[in-house]
Amino acid sequence: MINKKGFIFTLDAVFALIVAVAAISILLYIHFIAPISYQASISQVEDTLKVLSSSPLSGYLSTLDNPFSGYTKSYNTFGAASFDGYNSYIHSPISIPAGENLTYVAWIYLNYIPNDNAGIISADSSNNYGSMSIFPNGNCFVQVIVTNDTGNTFSDDSPYCLKPHRWYQVVATENESVSSNGKFIGGNYALYINGKLNLTKHFSGAVESATGFDIGLFSYQGAYFPGYISNVQIYGSRLTRTQVSSLYNEGMTGVPLRSTNLLAWYPLNSESNPGTFKSYNITYFDTGNIPIGKVNLTENQSMLTAIADLYLNNQSAEADIIMNNLYPNEDTAIDINGIYAPDLKVAYFNGTAGFYAPNFTYPGENYTIDQWFYLSQADDPTSGVGGGQSPIVDIYNGSSNGGIGGNQNFDFGGTWAGGSSNNFGIGEDWPSHWEFCYTNSGMVFPNKWYNAVVSVVNYTNVTIYLNGIKAAHCTLTVPVSGMEYPTLGIGDNPPGGNELATAAISNVQIYDSSLNATQAAILYDEGIGGEPVSSTVIGWYPLLGNFNDYSGIGHEGFGGNGGSINPDNVRFVESNFTPPGFASSDIISQASVPELLNANGTMRVYNVSVLSWN
């Protein structure tokens with residue numbers, strides 16, 4: 001699938017007067033190798049803009065289903081269960097033994113702020129409140145109650161005030177500590193709202209057992225929920241902060257993170273929900289919204305505003321997928337307020353943090369690493385393995401004897417760029433037999449975007465394509481095979497965890513096959529927003545604002561150094577990338593419209609255009 005979109009920062013002077021007259025427009029360009037005429041190009045651009053402006057999103061939702069994996073994520077409109085606040089609730093008979101860790105996940109929508117406790121999820125028990133319950137506690141704050149096996153309760157309110165008539169993701173977790181003799185000595189519980197940690201507190205003893213769960217009811221006090229609840233997930237383990245954030249970014253139709261310790265999953269989008277439960281006075285309905293990350297679209301929304309909303313809310317990967325499927329053989333893209341929309345974010349590494357995806361799928365003997373990178377400086381400040389170059393992508397053994405940021409036994413394949421020789425290369429099999437395959441000196445410099453495709457055959461036969469052109473070919477003498485805990489690292493290369501990139505990195509793709517010269521040229525031609533070119537992709541990280549794996553395999557990652565899960569250590573910045581196709585265009589035409597768009601919950605008018613060139 002070819003996507004020749006580009007990043008635009010300067011507008012062609014030919015249209016300066018038009019831009020001045022249409023001050024609220026966003027510029028739309030088309031370039032043809034043999035243009036019929038300037039006016040003909042304008043006409044064709046206007047036709048494209050008209051189609052996107054008039055076509056509803058509903059007819060194109062299927063394009064968002066990932067074509068490269070065994071499962072697809074549905075972006076159809078979601079449903080929810082309606083609770084009347086008086087006597088409607090759902091009961092699940094799932095039992096939980098004392099001392100088991102727990103996580104509740106739910107999407108909620110309050111019709112009004114209740115005057116008393118309104119149960120979201122609560123545990124049933126013969127004693128007290130049950131193991132754990134979450135509910136709005138008679139005002140706009142959410143409360144967590146944890147009960148231990150001696151009947152003592154521990155509770156706290158979130159400092160975050162909910163508002164009616166809007167959706168929130170609410171997650172409560174608890175985990176317990178065990179002494180050396182196997183006794184439960186207490187633990188911590190936490191509350192997250194919309195993926196953000198709101199409170200964390202300590203409790204003592206083992207958590208009380210539960211004989212079942214109620215949804216929409218705080219069973220101990222008979223307090224009912226007035227509103228809608230959707231996509232309830234209950235885990236017999238504590239989800240981490242990164243996992244909670246990942247679930248929030250998936251939106252209301254997101255699937256559970258894993259089947260391990262998943263006790264129940266109730267999408268609550270219809271009467272035919274999977275799992276066993278009994279519902280009382282519940283109705284189900286279609287919300288009419290399509291949740292994608294932090295933005296809710298509507299089926300009747302035009303393709304133009306839907307794509308623009310996605311770009312404005314850091315969902316560039318989804319917007320790119322739609323554009324790629326609509327215009328697979330054209331140089332077409334979206335421009336917002338004079339800036340090419342996908343140029344909003346790329347991951348920036350400042351030499352203090354990396355990005356990690358543990359338990360990554362171990363590639364076979366034929367594999368490919370594709371990456372875009374932009375060096376802030378030629379030399380890595382820590383100047384470790386790789387001759388003082390900035391590390392870009394690595395697959396290494398993250399076993400317990402080393403771990404993330406530790407001393408790994410095997411470095412399966414690490415790529416570096418820059419250094420004193422200004423080149424790019426990949427190293428294999430550290431520390432037992434370290435070899436490095438380089439491009440020629442003087443091929444890579446700071447302050448410029450590069451695409452590097454490393455294609456490996458039989459672990460030893462390496463071909464490097466730089467910006468779509470073959471730049472090196474090497475035969476390594478010792479193949480690498482076998483790895484206990486493969487981990488993907490971006491911007492950080494083991495061993496030691498002290499080789500850290502000073503670079504921007506984007507659109508990393510890992511394939512379980514060797515790509516050829518034609519595919520490498522396509523990846524370069526597609527630009528930073530391009531999709532994978534083969535169904536053998538096992539990891540796809542656009543890095544346009546999140547650490548999500550869009551391959552469908554599920555290798556979600558996190559930022560931070562030395563195993564930290566703090567993603568703030570890796571920033572997302574504008575890329576300053578101009579694609580070769582657009583940069584070489586010499587005839588440009590334009591058409592544009594003002595649109596009312598949603599950017600992080602704020603509605604305002606933006607100038608939107610569709611860009612095309614050849």
Side-chain angles (χ1 to χ4, degrees), residues 346-356 367-396 411-428 430 434-456 462-474 476 488-511 515 520 523-524 527-528 530 539 541-543 570-571 573 575-578 580:
V346 293
Y348 177 71
F349 303 83
N350 64 357
T352 63
F355 158 87
Y356 313 96
Y367 71 96
T368 299
I369 301 175
D370 172 46
Q371 60 250 287
W372 283 85
F373 62 89
Y374 180 104
L375 300 176
S376 297
Q377 60 189 59
D379 294 316
D380 177 45
T382 55
S383 188
V385 175
Q389 297 171 308
S390 278
I392 308 298
V393 178
D394 193 21
I395 303 174
Y396 61 91
D411 198 4
F412 178 66
T415 62
W416 283 267
S420 58
S421 299
N422 298 110
N423 58 7
F424 174 85
I426 180 170
E428 287 275 359
W430 189 96
W434 182 253
E435 291 184 283
F436 209 84
C437 179
Y438 292 101
T439 62
N440 292 331
S441 298
M443 296 189 71
V444 174
F445 296 94
N447 305 318
K448 179 181 178 181
W449 277 103
Y450 293 90
N451 172 249
V453 177
V454 178
S455 180
V456 180
V462 180
T463 303
I464 298 175
Y465 302 91
L466 201 61
N467 288 349
I469 300 174
K470 182 178 177 180
H473 178 78
C474 307
L476 304 178
L488 178 70
I490 299 177
D492 183 8
N493 284 83
N498 63 346
E499 291 83 34
L500 296 161
T502 50
I505 303 174
S506 186
N507 208 353
V508 172
Q509 301 174 16
I510 313 296
Y511 297 86
L515 299 187
L523 286 170
Y524 171 61
I528 293 179
Y541 301 90
L543 298 178
V570 180
R571 295 186 292 122
V573 301
S575 71
N576 298 318
F577 171 84
T578 302

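For reference, positions follow the sequence shown, starting with 1.
Put simply, the side chain of Tyr374 reaches to within 4.5 Å of the side chain of Asn447, judged on heavy atoms. No side-chain heavy atom of Ile510 sits under 4.5 Å from any side-chain heavy atom of Thr368. Considering only heavy atoms from C-beta on, Asn467 comes within 4.5 Å of Tyr450 through its side chain.
The main-chain N or O of Ala503 is never found under 3.5 Å from a side-chain atom of Ser390 such that the two would form a donor-acceptor pair. Looking only at distances, a side-chain donor or acceptor of Ser506 sits under 3.5 Å from a matching main-chain atom of Pro542.
Between Val444 and Gly418, the shortest heavy-atom contact is CG1-N, 4.2 Å. Considering all non-hydrogen atoms of both residues, Ala501 and Pro391 come closest at CB-O, 3.1 Å. Among all heavy-atom pairs drawn from Cys437 and Ile464, the shortest one is O-CD1, 3.6 Å.
Of the candidates Val508, Asn451, Val393, Asn451 is the only one forming a side chain to side chain contact (heavy atoms under 4.5 Å, CB included) with Asp370. Partner of Ile505 under the side chain to side chain contact (heavy atoms under 4.5 Å, CB included) criterion, out of Phe355, Phe349, Tyr541: Phe349 alone.
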Check step by step if side-chain contact (heavy atoms from CB on, under 4.5 Å) holds for Leu515 and Leu523. CA-CA 10 Å; Leu515 299 187; Leu523 286 170; 3.8 Å; yes
Taking it one step at a time, do Thr415 and Val454 satisfy side-chain contact (heavy atoms from CB on, under 4.5 Å)? CA-CA 9 Å; Thr415 62; Val454 178; 4.1 Å; yes
Test Val573 against Val346 for side-chain contact (heavy atoms from CB on, under 4.5 Å), laying out the working first. CA-CA 5 Å; Val573 301; Val346 293; 4.1 Å; yes
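Taken to the nearest 0.5 Å, the CD1 atom of Ile528 stands 11.5 Å off from the CZ atom of Phe373.
A search for side-chain hydrogen bond (donor to acceptor under 3.5 Å, both in side chains) contacts involving Gln509 returns Asn507, Tyr511, not counting sequence neighbours. A search for side chain to side chain contact (heavy atoms under 4.5 Å, CB included) contacts involving Lys470 returns Thr463, Tyr465, His473, not counting sequence neighbours. With sequence neighbours left out, the side chain to side chain contact (heavy atoms under 4.5 Å, CB included) criterion links Asn423 to Gln389, Ser421, Tyr438, Thr439.
Aromatic ring pairs are classed by plane angle as parallel below 30°, tilted from 30° to 60° and perpendicular above 60°; the pair Tyr524 and Trp372 is parallel.
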